[in-house]
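Before I ask anything, let me first share the structure, which is written out below as structure tokens.
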Protein chains: 4
Amino acid sequence: MTTERLPTEQRQRQIAEAALRIVAEHGVHRLTAAALAAEVGIADGTIFRHFRNKEEIVHAAIDLFEKALESTFPPPTEDPLERLGSFMVGRLELVREHPEFLRLAFNDRLAEAAGEKGAHRIEGLVGRSVAFVRQCLEEAQNRGQVTREAPPMLLVWMVIGVIRGAATGGPLLATVEKDLPGASPTQVWKALERFLRNTTTEKKT
Amino acid sequence: MTTERLPTEQRQRQIAEAALRIVAEHGVHRLTAAALAAEVGIADGTIFRHFRNKEEIVHAAIDLFEKALESTFPPPTEDPLERLGSFMVGRLELVREHPEFLRLAFNDRLAEAAGEKGAHRIEGLVGRSVAFVRQCLEEAQNRGQVTREAPPMLLVWMVIGVIRGAATGGPLLATVEKDLPGASPTQVWKALERFLRNTTTEKKT
Amino acid sequence: MTTERLPTEQRQRQIAEAALRIVAEHGVHRLTAAALAAEVGIADGTIFRHFRNKEEIVHAAIDLFEKALESTFPPPTEDPLERLGSFMVGRLELVREHPEFLRLAFNDRLAEAAGEKGAHRIEGLVGRSVAFVRQCLEEAQNRGQVTREAPPMLLVWMVIGVIRGAATGGPLLATVEKDLPGASPTQVWKALERFLRNTTTEKKT
Amino acid sequence: MTTERLPTEQRQRQIAEAALRIVAEHGVHRLTAAALAAEVGIADGTIFRHFRNKEEIVHAAIDLFEKALESTFPPPTEDPLERLGSFMVGRLELVREHPEFLRLAFNDRLAEAAGEKGAHRIEGLVGRSVAFVRQCLEEAQNRGQVTREAPPMLLVWMVIGVIRGAATGGPLLATVEKDLPGASPTQVWKALERFLRNTTTEKKT
DNA sequence: CATGAATGAGCTTTCATTCAT
DNA sequence: AATGAATGAAAGCTCATTCAT
């Protein structure tokens, strides 16, 4: 069989994308050179003309993931809650477009496949998002938009929990899917925002 | 070397526990027949005198996990928030005692090792917990202990998010560990409870 | 195919011997797990139940080689030339019995297959033999059995050259094989000894 | 990157030389098409525009080696010992200039890489040198320059042994390097010559 | 029940060789 | 002539599973 010849960069991209798809759909244990090759439509051995080894493939996949996440960090607007909102909506839309990412973001599969270094990268990615959320929430607390009584991390966990929950089409919603059936990212954020503001101490006085 | 002969039931339990430990500490890729045998202290072939194949071992491990989770569902007390509190405290304490479970609960590793059927079981386990949390929250909303404005699932995701966050010693806290340093399960719940109730004060006044 | 089951120690020995045979007869490039397995009569994978990896197999082979060489170091008799004679005869007889060793002793094939550590071991083996020969010759010079005029290493190289030459059935003799047709180890040594003593300065005076 | 285009003959030479260098410095296992191409500075596929396959490359390398050896056969002078001397000095100087050759001459690595045919060629090369040495020594014996009592092959082995020993900087000298520290080729030959002639003095008196 | 040797499929990686560009 | 992507046959090694003892 003679496959179309493509420049390395293109093949690398194809392979990285295939890796993402495979891990997301079937799990790391199916991320084999053979599976990758089949997915891309080339011969087994050819994989290693484009990547030195499997680990590098995973790193390329993480790159893709990273770039996608990066694009959802909103510009530093004035209002922290507004910022948090764009972030959340962005993330939820990202997941809607790329369901592959879902199982990656909240899962340490990729990390496992990438060895120590890859695990750290993913940790870093997650950490950055957490830090962003926290930053927004603390600012909001300082401005009195959100109650100062709650420990910031509690709020962070809640927000992350909502993102995760709204993003997961899977298990979390399985039993209760009828609830917010097609709840759009914006709707979810609106509900969350109202809730957060609701608790504001200012309002109580 | 001839190991002491034990009845199948005991060996099965030992093996299932060993499986839990191995997956938790080293990941699925180290869950091999040889590793299990070594952990239990028997010869590798012997494993298959007690289980027909690896999948069954994983199922036994999930059984253990299930039983542990089961034990944290509190008795059906009157007050739904109180019930939710015992549940949450129970779960956090469980994780504190058995850190192995952490990587299992919020991770689909075990599911992956157990094939389709195992994945469904874990999904079910998670689903049951979600349903419980939801039940408590809806009751609380009906009683006016928690604002009725928020969609129940939003609250569910928040609570689950807090449980996950408080349970995970790892990445989530990494950058901000000073926050709730040794926050005990009860302290976490108290903070969450105050927050949940807080949202209703407006209406009360 | 069901092969006879043997205890690891026996299989290890078989495998190490097979390794020696293969390297000697066909060269390192044919020393593959498959070839070893075929030679021993077991399945490919089985090889690695008895050795952790190929390198360990080569080390086991070197062990065999080492033991054989060791056995040809004669006891420390009074007369150095007599000692040298037993050594040489021993070595030649060893090679006659185990032609496999020939290509190993004067070849760095095994060394190459064994990695750094293996190469050093073989170097050490050769070094020990050289040192032994040298020791004998220097003593002989001190006693006046061999001329003191020749630098010791010159004599060493000569003796080693004769051992190698007499041992090699191969290329070295190819063109001139009729010479010392069945020259027995003892005959070769006798000829060499006469030659060495012949040069003695004592006799000239 | 497009490399300068060179006529096949030049590239062939470059490749053959690269082969010699690689085998000498790193061993046959590194003699790969990719390594050759890198050494020469062309793309790996290009190698096979100049040689039909790897075996032919090795043959070209042996050609080079052969030519170098050829050049050290001295003209047929009157005195056989003098002839032998030039030969030996020539060989030792060759090795000093081209240390690559060392590992080739006393090693069947190249032979192994070249298959049956290549092995025979190298055998022939060695055989020719042995025959030359023998010729010289027999003449010398006939002229009474060297004792007639020693079987010619014994002398041949000795001489070859000395050449090998003096050429090998490696293991052979490792333990005793102080001996003939920078022993020049001529010094080595002088020592050997004195020794060979020495054996005849008895009869002369 | 327990042992541990044996199996064979499968995985990652290497490499000589081909061939479209 | 030169390039470099593609191929496919090994090679080394792992592991679930079987089975004679």
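Order of the sequence lines fixes the chain letters, A, B, ..., with proteins taken first and strands second; residue numbering starts at 1 for each chain. The structure displayed is predicted, hence computed values, not measured ones.
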Among residues at least two apart in sequence or on other chains, which ones pass side-chain hydrogen bond (donor to acceptor under 3.5 Å, both in side chains) with B/Arg30?
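Residues passing side-chain hydrogen bond (donor to acceptor under 3.5 Å, both in side chains) with B/Arg30: B/His26.
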Considering residues at least two apart in sequence or located in another chain, which fulfil the salt bridge (Lys or Arg N to Asp or Glu O under 4.0 Å) criterion with D/Glu17?
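D/Glu17 satisfies salt bridge (Lys or Arg N to Asp or Glu O under 4.0 Å) with D/Arg13 only.
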Starting at atom NE2 of A/His50, determine the distance to atom C1' of F/dT7, rounded to an integer number of angstrom.
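These atoms are roughly 11 Å apart.
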Which of these, B/Leu36, B/Thr8, B/Ile15, sits in a side-chain contact (heavy atoms from CB on, under 4.5 Å) with B/Phe51?
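Single pass found, and it is B/Ile15.
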Passes side-chain contact (heavy atoms from CB on, under 4.5 Å), A/Val28 versus B/Val28? Steps please.
CA-CA 10 Å; A/Val28 231; B/Val28 231; over 6 Å; no
Report the distance from atom CD1 of B/Ile57 to atom P of F/dC15, rounded to the nearest whole Å.
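Whole-Å distance recorded here is 14 Å.
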C/Arg49: which residues meet the salt bridge (Lys or Arg N to Asp or Glu O under 4.0 Å) condition with it, sequence neighbours left out?
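Scan of C/Arg49 (salt bridge (Lys or Arg N to Asp or Glu O under 4.0 Å), adjacent residues dropped) gives B/Asp44.
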Between C1' on F/dT7 and CG on A/Leu6, what's the gap in Å once rounded to a whole number?
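My rounded result for the distance is 15 Å.
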Checking D/Ala16 now: which residues fulfil side-chain contact (heavy atoms from CB on, under 4.5 Å) with it, not counting sequence neighbours?
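If we apply the side-chain contact (heavy atoms from CB on, under 4.5 Å) test to D/Ala16, skipping adjacent residues, the hits are D/Ala60, D/Leu64.
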Separation of E/dC1 C1' from B/Ile42 CD1 (nearest whole Å):
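Going from CD1 in B/Ile42 over to C1' in E/dC1 covers 10 Å.
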Strictly below 4.0 Å, heavy-atom distances to any atom of DNA chain E: list the hits from residues 8-15 of chain A, or just say none.
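DNA chain E contact set from residues 8-15 of chain A: none.
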List in chain and number order the residues that pass side-chain contact (heavy atoms from CB on, under 4.5 Å) with A/Gln10, two or more places apart in sequence or in another chain; answer none if no residue qualifies.
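With sequence neighbours excluded, A/Gln10 shows a side-chain contact (heavy atoms from CB on, under 4.5 Å) to A/Leu6, A/Pro7, given in chain and number order.
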Atom CZ of B/Phe51 and atom P of E/dC1: how far apart are they, to the nearest Å?
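From B/Phe51 CZ to E/dC1 P: 12 Å.
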Protein proximity profile, nucleotides 10-16 of chain E - base contact B, sugar-phosphate-only contact S, no contact -, cut-off 4.0 Å on heavy atoms:
-SSBBSS
Rounded to the nearest angstrom, tell me the gap between atom CD1 in A/Ile47 and atom P in F/dA6.
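Spelled out: CD1 on A/Ile47 to P on F/dA6 is 10 Å.
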Per-nucleotide pairing state of DNA chain E [Watson-Crick or G-U, under 3.5 Å; [ ] pseudoknot-crossing; | other strand]:
.||||||||||||||||||||
Could you work out, with side-chain hydrogen bond (donor to acceptor under 3.5 Å, both in side chains) as the rule, every residue matching B/Glu56, not counting sequence neighbours?
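B/Arg52.
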Assuming nearest nucleotide by heavy-atom distance, tell me which of C/Arg5 and A/Pro7 is located more 5' along DNA chain F.
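Result of the comparison: A/Pro7.
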Can you list everything that forms a salt bridge (Lys or Arg N to Asp or Glu O under 4.0 Å) with B/Arg11? Sequence neighbours excluded, please.
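Here no residue qualifies.
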By side-chain hydrogen bond (donor to acceptor under 3.5 Å, both in side chains), which residues pair with A/Arg121, not counting sequence neighbours?
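Checked A/Arg121 against side-chain hydrogen bond (donor to acceptor under 3.5 Å, both in side chains); matches are A/His59, A/Asp63, A/Glu66.
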Only counting residues at least two apart or in another chain, list the ones meeting side-chain hydrogen bond (donor to acceptor under 3.5 Å, both in side chains) with C/Glu39.
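Once residues adjacent in sequence are excluded, the partners of C/Glu39 under the side-chain hydrogen bond (donor to acceptor under 3.5 Å, both in side chains) criterion are C/Arg21.
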